[in-house]
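First the structure, which I've put down as structure tokens, then a few questions once you've had a look.
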Amino acid sequence: MDQRRLEYFIAVAEEMNFTRAAQRLHVTQSTLSAGLKALESELRVELVTRSTRSVQLTEAGAAFLPEAGAALEALDRARAAVEPVSAGLRGSLTVGLLTSMTIVDVPALAGDFHRRHPGVRLRLAMSRRGTAGLAEQIKDSRMDVAFVGRQLRDEHLHVSPIKKYDLRLLLPEDHPLAGRAAVGLADVAGEPFIDMPPGFGQREVVDEAFARAELSRQVTVEVSDVTTIPEYVAHGLGVALLPEAFPAGPGVRALPLDTELSWTLSVIRSARRKPTRALYAFMDLLPQHIHHERAF
């Protein structure tokens with residue numbers, strides 16, 4: 001089975017768009033389409049359905065996607081096994097990121113890795129489902145390593161915590177609770193909340209804390225960029241729970257909680273697959289590009 005055709009299929013499946021997939025792979029759209037059709041012909045099954053507006057995976061395509069990723073990874077491991085240790089690294093490495101994360105200087109890390117290992121195709125990606133989506137892609141062999149917003153407990157994942165931050169409450173400076181020294185979850189259970197969408201690590205941590213306390217809350221504003229949350233709080237649209245390293249901003253009061261509640265930045269990889277040499281090299285460089293004094 002042709003490796004390039006597998007790469008075409010994975011790009012289309014992840015981008016759900018032929019134009020973006022072709023741009024990502026630096027090929028023409030016609031070349032991409034022809035390669036995917038050739039793969040479907042080889043497999044004797046339709047992998048994607050195409051229309052003028054959208055691309056969707058068929059049932060066969062969804063089943064084939066993790067296997068295609070595993071096949072590419074196996075090829076990379078096979079090449080590494082026969083290359084002398086002194087040879088330059090080859091293959092590919094897909095790294096999952098969180099939005100607005102600055103505790104890890106990702107551009108510097110990526111540049112450092114590329115200069116040291118130019119033979120490795122490095123791809124940086126995000127998931128619209130945050131931590132949950134990144135973890136799923138790691139387990140499905142669509143991603144090699146990812147930064148996530150919590151310390152996951154999953155036998156399929158190897159989890160390395162980087163930094164833990166206590167959460168604190170952000171509320172408008174004229175809020176009735178603003179003069180308190182500390183607040184509890186029960187004090188704000190009836191307040192409208194501003195938070196990330198379900199699946200993001202921070203959202204899951206807070207939802208679980210309220211559930212443990214047998215409390216409920218209402219999230220009235222969901223944003224995908226965590227750095228904008230204080231602005232919504234300042235305009236009186238609700239309160240929010242954010243890591244302590246996050247700046248409150250003008251018009252916002254930050255209060256500690258009277259109970260321990262924390263958010264942990266972690267890096268995850270598969271616990272079922274042996275790391276490639278490229279992944280080991282990436283992890284070795286990571287500590288040099290961590291800023292412990294900030295989270296975002």
- Worked verdict on Val95 versus Leu122 for side chain to side chain contact (heavy atoms under 4.5 Å, CB included): CA-CA 8 Å; Val95 181; Leu122 183 64; 3.9 Å; yes

- Task: Output the distance between atom CD1 (Ile194) and atom NE2 (His235), rounded to the nearest 0.5 Å.
- Result: 10.0 Å

- Item | Heavy-atom closest pair, residues Leu72 and Ile10 |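 Heavy-atom minimum between the residues: CD1-CD1, 3.4 Å.
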
- Pairwise side-chain contact, Arg217 with Val206, heavy-atom cut-off 4.5 Å (strictly under): yes

- Message: So which atom in Met196 and which in Ile229 form the shortest heavy-atom distance, rounded to 0.1 Å?
- Response: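 Looks like SD-CD1, 4.3 Å.
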
- When rounded to the nearest 0.5 angstrom, what distance separates NZ in Lys274 from CZ in Arg277?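 Atom-to-atom, Lys274:NZ and Arg277:CZ are 11.0 Å apart.
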
- Message: Quick one about Ser30 and Thr28 (side-chain donor to acceptor, distance below 3.5 Å, no hydrogens or angles considered), yes or no?
- Response: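 There is such a pair (donor and acceptor under 3.5 Å, judged by atom type) between the side chains of Thr28 and Ser30.
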
- To the nearest 0.5 Å, how far apart are CZ in Arg50 and CZ in Phe18?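 Reported to 0.5 Å precision, the distance equals 4.5 Å.
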
- Item | Under 3.5 Å: donor-acceptor pair, side chain of His117, backbone of Gly119 |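 No, because the side chain of His117 does not come within donor-acceptor range (under 3.5 Å) of the backbone of Gly119.
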
- Residue Glu260 excluded, over 12 heavy atoms near CD under 6.0 Å: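 Open: at most 12 neighbouring heavy atoms sit under 6.0 Å from CD of Glu260.
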
- Message: So that I can tick it off, tell me whether Arg123 and Glu15 are bridged by a salt bridge, with the cut-off set at under 4.0 angstrom between side-chain N and carboxylate O.
- Response: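 Judged by the 4.0 Å cut-off on N to carboxylate O distance, Glu15 and Arg123 do form a salt bridge.
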
- Side chain of Asp140, backbone of Arg142: donor and acceptor closer than 3.5 Å?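 Checking the backbone N and O of Arg142 against the side chain of Asp140, no donor-acceptor pair under 3.5 Å is found.
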
- Item | Stepwise side chain to side chain contact (heavy atoms under 4.5 Å, CB included) test for Tyr8 and Val27 | CA-CA 10 Å; Tyr8 289 168; Val27 298; 4.0 Å; yes

- Message: What I want to find out is whether Glu136 reaches Lys139 closely enough, with some N-O distance under 4.0 Å, to be called a salt bridge.
- Response: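 Salt bridge flag = no for Lys139 with Glu136.
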
- Going from CE on Met143 to OG on Ser127, what distance comes out if it is rounded to the nearest 0.5 angstrom?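 So the gap between those two atoms works out to 7.0 Å.
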
- Examine distances only and state if a side-chain atom of Glu204 and a backbone atom of Gly199 form a donor-acceptor pair shorter than 3.5 Å.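 Yes.
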
- Query: Taking Asp187 for the side chain and Gly184 for the main chain, is one N or O donor matched with an acceptor at less than 3.5 Å?
  - Reply: yes

- Query: Side chains of Leu257 and Arg168: closer than 4.5 Å at any heavy-atom pair?
  - Reply: no

- Go through the steps to decide whether Arg203 and Thr131 satisfy the test side chain to side chain contact (heavy atoms under 4.5 Å, CB included), and finish with yes or no. CA-CA 10 Å; Arg203 172 69 177 266; Thr131 288; over 6 Å; no

- Can you find a pair of side-chain heavy atoms, one from Thr58 and one from Glu46, that are under 4.5 Å apart? yes

- Task: With side chain to side chain contact (heavy atoms under 4.5 Å, CB included) as the test, would you mind laying out the steps for Val55 and Asn17 before giving the verdict?
- Result: CA-CA 6 Å; Val55 176; Asn17 181 283; 5.7 Å; no

- Under 30°, 30 to 60°, or over 60°: which ring-plane class applies to Trp263 and Tyr165, parallel, tilted or perpendicular?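 Plane angle between 30° and 60°, so tilted.
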
- Given side chains that start at C-beta, do those of Asp258 and Val183 come closer than 4.5 Å, heavy atoms only?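 No, their side chains stay 4.5 Å or more apart.
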
- Item | side-chain hydrogen bond (donor to acceptor under 3.5 Å, both in side chains) involving Arg272 - partner list, sequence neighbours excluded |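 side-chain hydrogen bond (donor to acceptor under 3.5 Å, both in side chains) list for Arg272, sorted by chain: empty.
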
- Check Phe282 against Phe113 and note the closest heavy-atom contact, atom names and distance.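 Where Phe282 meets Phe113 most closely, the heavy atoms are N-CE1, 3.7 Å.
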
- Do Leu134 and Arg129 have side chains that get closer than 4.5 Å, going by heavy atoms? no

- Item | Minimum-distance pair of heavy atoms, taken over all atoms of Leu32 and Ala22 |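 Looks like CD2-N, 3.6 Å.
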
- Query: Would you call Leu237 and Thr220 a side-chain contact if the rule is heavy atoms closer than 4.5 Å?
  - Reply: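 No, side chains not in contact.
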
- Ignoring hydrogens and geometry, is there a side-chain-to-backbone donor-acceptor pair from Glu222 to Asp195 under 3.5 Å? no

- Item | Residue pair Pro161 / Ser266: nearest heavy atoms and the distance that separates them |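 Result for this residue pair: CA-OG, 3.6 Å.
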
- Smallest heavy-atom separation, Ala135 atom then Ile268 atom, equals CA-CD1, 3.8 Å

- May I ask you to test the Asp2-Leu39 pair for a side-chain heavy-atom distance under 4.5 Å? no

- Message: Any non-hydrogen side-chain atom of Leu36 less than 4.5 Å from a side-chain atom of Arg5?
- Response: no

- Message: What's the separation between atom CG in Asp154 and atom CD1 in Ile138, rounded to the nearest 0.5 Å?
- Response: 11.0 Å

- ring pair (Phe, Tyr, Trp, His ring centres under 6.0 Å): pairs with one or both residues in residues 179-226, sequence neighbours excluded: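 Counting only pairs at least two positions apart or across chains, the ring pair (Phe, Tyr, Trp, His ring centres under 6.0 Å) contacts touching residues 179-226 are Phe193-Phe210.
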
- In plain terms, say whether Arg150 and Glu208 are close enough for a salt bridge, that is, a side-chain N and a carboxylate O under 4.0 Å apart.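 Counted as a salt bridge, because a side-chain N and a carboxylate O are separated by less than 4.0 Å.
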
Got a list of side-chain donor-acceptor pairs under 3.5 Å for residues 242-256, not counting sequence neighbours?
residue: Glu244; atom: OE2; partner: Asp166; partner atom: N; Å: 3.3
residue: Arg253; atom: NH1; partner: Ala178; partner atom: O; Å: 2.2

- Message: Tell me whether Gln29 contacts the main-chain N or O of Gln23 through its side chain, where contact means a donor paired with an acceptor under 3.5 Å.
- Response: no

- Message: Let me confirm one number: the OG-NE2 distance from Ser270 to His158, rounded to the nearest 0.5 Å.
- Response: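 NE2 of His158 is found 10.5 Å from OG of Ser270.
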
